[in-house]
Structures are given as structure tokens and as C-alpha cells.
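Naming: A, B, ... by sequence-line order, numbering from 1 per chain.
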2 protein chains.
Amino acid sequence: MDRRGRQAEAARNDLRLLRAAHEVFTTQGFDAPVSAIAKAAGVGMGSLYRRYRTKEELLQRLCLIAMERAAAAAQDGLAEADPWDGLVLYIRTCVEFRSGALAPIAGTIEVTAEMWRLARLAEETADRLVTRAHEAGVLRSDVTALDISLLMEQFSRPAPGPPDEEHRKVRERLLTVALDGLRAPGATRLPGDPPSVEWYEGRWGKAP
Amino acid sequence: MDRRGRQAEAARNDLRLLRAAHEVFTTQGFDAPVSAIAKAAGVGMGSLYRRYRTKEELLQRLCLIAMERAAAAAQDGLAEADPWDGLVLYIRTCVEFRSGALAPIAGTIEVTAEMWRLARLAEETADRLVTRAHEAGVLRSDVTALDISLLMEQFSRPAPGPPDEEHRKVRERLLTVALDGLRAPGATRLPGDPPSVEWYEGRWGKAP
DNA sequence: ATATTGCGGAGCGCAGCGCTCCGTTACACT
DNA sequence: AGTGTAACGGAGCGCTGCGCTCCGCAATAT
């Protein structure tokens, strides 16, 4: 990892590329041009395409990382002693790095077996987090784990127009409002049936 | 309006065009191809471009209508006797027809004088609605009218992927959660400063 | 000095856009 | 019925902007 010379630069480039790709894709959407990632990373197209043979491959890598982070965030939430604080930590962390913005990518690209594995792991951990909050009576009973995933997705949705720091602050305010709405008991009964896992995963293509 | 023959068809086409444009642009984003609107309306490109000389003109018309509807919704909210119910009616109505999805268009197109006029009117009416709710003590005191506009915008944001009825239902559930979070008193203090009008309108280009 | 490796970015081929143009159709008028 | 006309649908033009390749160059290793 700490090799000298060009190998070190290569490793640095790889990281900058990943960071830039995350930033650009989550704020501009998946159809952002690859050249925008290269420019944001301060790297030439050649270097980008040596590491990732196609745009799809880059997106897959990005998704995988986002899933890892989401799973880790759920674990961190579980580690928290207080069930409510743990849940909030999980949600805030995921919205912070916009994991939800990458989830719907999956409809565009091929979902690898490893992605499915990680998705299932993250899903299961989040489920435990939500169940614990339910049992402690701190989370309104009519909201499901899937509702929360979709809430995070909604709050991660890229805004049109140029990237804007102010948007991030606004999102945090609104997320705080939404989190207050999640506390038990809900003032209003949630309308309609909760979303189904089949529908949720169906957007990603066929399960293995 | 109820003229016979071709003129009737023309009027019908105009309506279908507007409806289709609204549907497509709000669910797919502004860069949806014009041909998609024509197809969704069941109308040829020629007919579309006879009524609107450019895509921008169509978008302007659409924005104007959305603003009219938003202003009307705010009026309806004010007409409601209960301050909370009035506010909720306003928010739900606007999210229903996704007025917020059209607001950020304005950064893309030229904002006409009439659009500014209507925007100000809607803004002012919504302000009255929010103030009334504040004074009645039914709306948490740390949330501003602008926060609410941005909340509606967040919930109107187009989802990636193909249009999907299920998304609408999910949105309604999540909106219900958010509305519960708006009720006084907020469990958590909202972080940061409230968004400023200058920033909000600044995204539309220069004020007249 | 020479070989080798990774670098940046100009440019290729193409997909998909906004918009125009025109042959056809459906009605109004005599 | 015959004719003029207004509105129609949609193929296609010109062009932008994309994913991706290729190559001259700079930095290291030998």
C-alpha cells in the first residue's frame, strides 16, 4: 500500500477517482459523463479507463462500497446502547453519504452476486435495528424497515442544478423533521399497505 | 371552447399535451425528450410544435400552470377553518401534482415576468398559511415557510427508473411521516440556519 | 542511454436530442 | 360532388455530447 513512486500515485489516483465518482454520481445522477468524474478527480481519462474497463464497472464498484458503508452504519447503530439513537445514527449516516442515491442505479447496471450478498446483509442488519426500536417502543409501529430505506432514498435523491452546499444543510433540517415524525406514536395512521420486498428488490432486476 | 370539428380536436389536443407534458417532465425530469411528450399525448410532433414553438415555451407554460395550482392550493388551505388541516391540505395537494418538481426547472429556462408575479403571489399566500399555523401553535415554531416549500420540492423529486405507481403510494406514506414531524412541538431542534429567500429565488436567475 | 510503465487528453463513432418539413387526412364551403 | 384549407403525424436533418480508444509524453527502473 505504501509503495513508492508511481505505484503510490496509482493508489492515490484510485482513491481520488472513487471519491470523485461518488460525489459526481450522487449529486448529478448516473448519467453524468465519465469525463466529469475524471475532471473532478484531477485525473486523465486514460487513468480512469485503465482501472475500470467500462462505466458500468465503475458504478458496480461504487455500489458495492456504498453497500459496505450502509452495512457498517447499521452495525454501528446496533452497537449504540439506546435503540432510538442507534436507529438515528444509521439513518443520518446513510443520508450523509447518500447511499440511497446509488440504490436505484441498480436498475441500470448488472447486479453482481457479491452485490446481492452485501445487500442482503445490510438489509438484515437494518431489520434488526428497526425491530429493536419497535420492541423498545421508540419507533412508530406502522412504519417498516423498507419504509425507512425508501425514506433515505428519497432524501438522497440528487437535486437539479449545480451542486450547492446550501442543499446539504436544508436536507439536514428536513431530515430532522422526518425523524421526529418517525417517533412513536405516530399522530396519523400511515395510508396504504407497506411496500413489499418483492417490489423493492424487483427494481434491481431478477434475484439470483 | 365547445366549438365543433377540428377546433374541438385542437383544444382537446392542447389539454392532452399539457397533461402528458406534466406527467412526463415531473416523473422523468426536464431533459426528457419532447418526442416522449408527443407520444404520451398520442399526438404528432407537428401538432406539438405548432402550439409551442420551442421546448422552453412548453416548459414555461407548464411552470405557470403549476404556479397557478400551487397558489390555488394555498388559497384552499386558507379557506379551511382549522389552521393545521389547511396547511396539510396545501402541502398534500402540491405534492400530489408534484409542483415542486417543476420549481427547479426555472434554473434552466427564462423566467417570465408573469412567472415572477405568480410565484410571489403563491409565496405570499403560503406565508399567510404558515403564519396562521404558527400562531395557532399547531406547527413547530422552528420551521419556516421556505422549509416547507423545500420539503414539498424534496418529495416531488423525480425517481429514477421507469414510472411506477407504487412510488406514489410510498411517497404518501413518507409524506405522512414528515407531516407528523411538522407538528408542534418538534422533538428535536432543527439544525443550522433556516434557508434564505435570496438563495431560494437565486436558483431561478436574477429577480426583475 | 535505453526500456518500460503509467500518464493526460484530443478525437472517433455513434446515440439521441430539438426541431423542420411535407405528404396525407378531415373538415368547411359552394 | 368538388375544391380549398387547416391541422395532422412522423420521418429525417443537423448537431450536441456521450463512452471509449489511442497515442505522444513524462517519470521511473535498469
Side-chain angles (χ1 to χ4, degrees), chain A residues 1-22 24-25 27-63 105 107-110 158 160-162, chain B residues 1-22 24-25 27-63 105 107-110 158 160-162:
Chain A
M1 249 311 171
D2 59 350
R3 237 94 62 90
R4 315 308 224 78
R6 276 217 288 312
Q7 302 214 11
E9 184 178 1
R12 262 200 315 274
N13 276 351
D14 205 22
L15 235 155
R16 302 215 289 168
L17 228 28
L18 246 21
R19 255 201 260 283
H22 180 88
V24 170
F25 282 135
T27 58
Q28 326 231 11
F30 332 127
D31 39 10
V34 176
S35 61
I37 278 101
K39 183 175 293 183
V43 152
M45 298 285 290
S47 309
L48 196 161
Y49 272 94
R50 191 164 321 101
R51 282 170 236 301
Y52 305 95
R53 288 180 307 177
T54 71
K55 181 181 188 178
E56 177 165 6
E57 200 173 302
L58 174 58
L59 281 170
Q60 287 174 328
R61 183 100 191 87
L62 226 47
C63 268
I105 265 189
T108 318
I109 64 180
E110 203 202 349
Chain B
M1 253 308 173
D2 58 353
R3 236 93 63 91
R4 315 308 229 75
R6 285 170 352 298
Q7 304 216 9
E9 185 178 1
R12 261 200 317 274
N13 275 351
D14 205 21
L15 235 153
R16 301 216 288 168
L17 227 29
L18 246 22
R19 256 202 259 282
H22 179 87
V24 170
F25 282 135
T27 58
Q28 325 232 12
F30 332 129
D31 39 9
V34 176
S35 61
I37 279 101
K39 183 176 293 185
V43 153
M45 298 285 291
S47 309
L48 194 162
Y49 272 93
R50 193 166 318 99
R51 282 172 237 303
Y52 306 95
R53 288 177 305 176
T54 72
K55 183 182 188 177
E56 176 165 6
E57 199 173 304
L58 174 59
L59 281 170
Q60 286 174 327
R61 182 101 193 86
L62 226 47
C63 266
I105 264 189
T108 317
I109 64 180
E110 202 202 350

- Task: Provide, to the nearest angstrom, the distance between the CD1 atom belonging to B:Ile37 and the P atom belonging to C:dC19.
- Result: 12 Å
- Task: Grab the CE-C1' distance between B:Met45 and C:dG18 for me, whole Å please.
- Result: 7 Å
- Task: Name the residue closer to the 5' end of DNA chain D, choosing between A:Asp31 and A:Arg50 according to the nucleotide with the nearest heavy atom.
- Result: A:Asp31
- Separation of C:dC7 atom P from A:Asp14 atom CG, nearest Å, is 10 Å
- B:Gln60 side chain to B:Glu110 main-chain N or O, any donor-acceptor pair under 3.5 Å? yes
- Could you tell me the separation between the NZ atom of A:Lys39 and the C1' atom of D:dG17, rounded to a whole number of Å? 13 Å
- Can you list the steps and then say if A:Ser35 with A:Lys39 is a side-chain contact (heavy atoms from CB on, under 4.5 Å)? CA-CA 6 Å; A:Ser35 61; A:Lys39 183 175 293 183; over 6 Å; no
- Task: Select one nucleotide: of C:dC17, D:dC8, D:dG9, the one nearest the side-chain heavy atoms of B:Arg51.
- Result: D:dC8
- Quick one: A:Phe25 CZ to D:dC18 P, roughly how many Å, whole number? 12 Å
- Query: Under a 4.5 Å cut-off applied to non-hydrogen side-chain atoms, are A:Leu58 and A:Tyr49 in contact?
  - Reply: no
- Query: With a 4.0 Å cut-off on heavy atoms, is B:Ala41 in touch with a base, just the backbone sugar-phosphate, or nothing at all?
  - Reply: nothing
- Please state how far atom CZ in B:Arg16 lies from atom C1' in D:dC8, giving the value in whole angstrom units. 13 Å
- Whole-Å distance between D:dG10 P and B:Leu17 CG? 14 Å
- Task: Grab the two heavy atoms, one from B:Phe30 and one from B:Phe25, that are nearest each other, plus how far apart they are.
- Result: O-CE2, 3.4 Å
- Task: Give a yes/no on whether any side-chain N or O of A:Ser47 is located under 4.0 angstrom from OP1 or OP2 of C:dG6.
- Result: no
- In whole angstrom, what separates B:Tyr49's OH from C:dC17's P? 11 Å
- Task: Hey, which sits more toward the 5' end of DNA chain D by its nearest nucleotide, A:Thr54 or B:Leu48?
- Result: B:Leu48
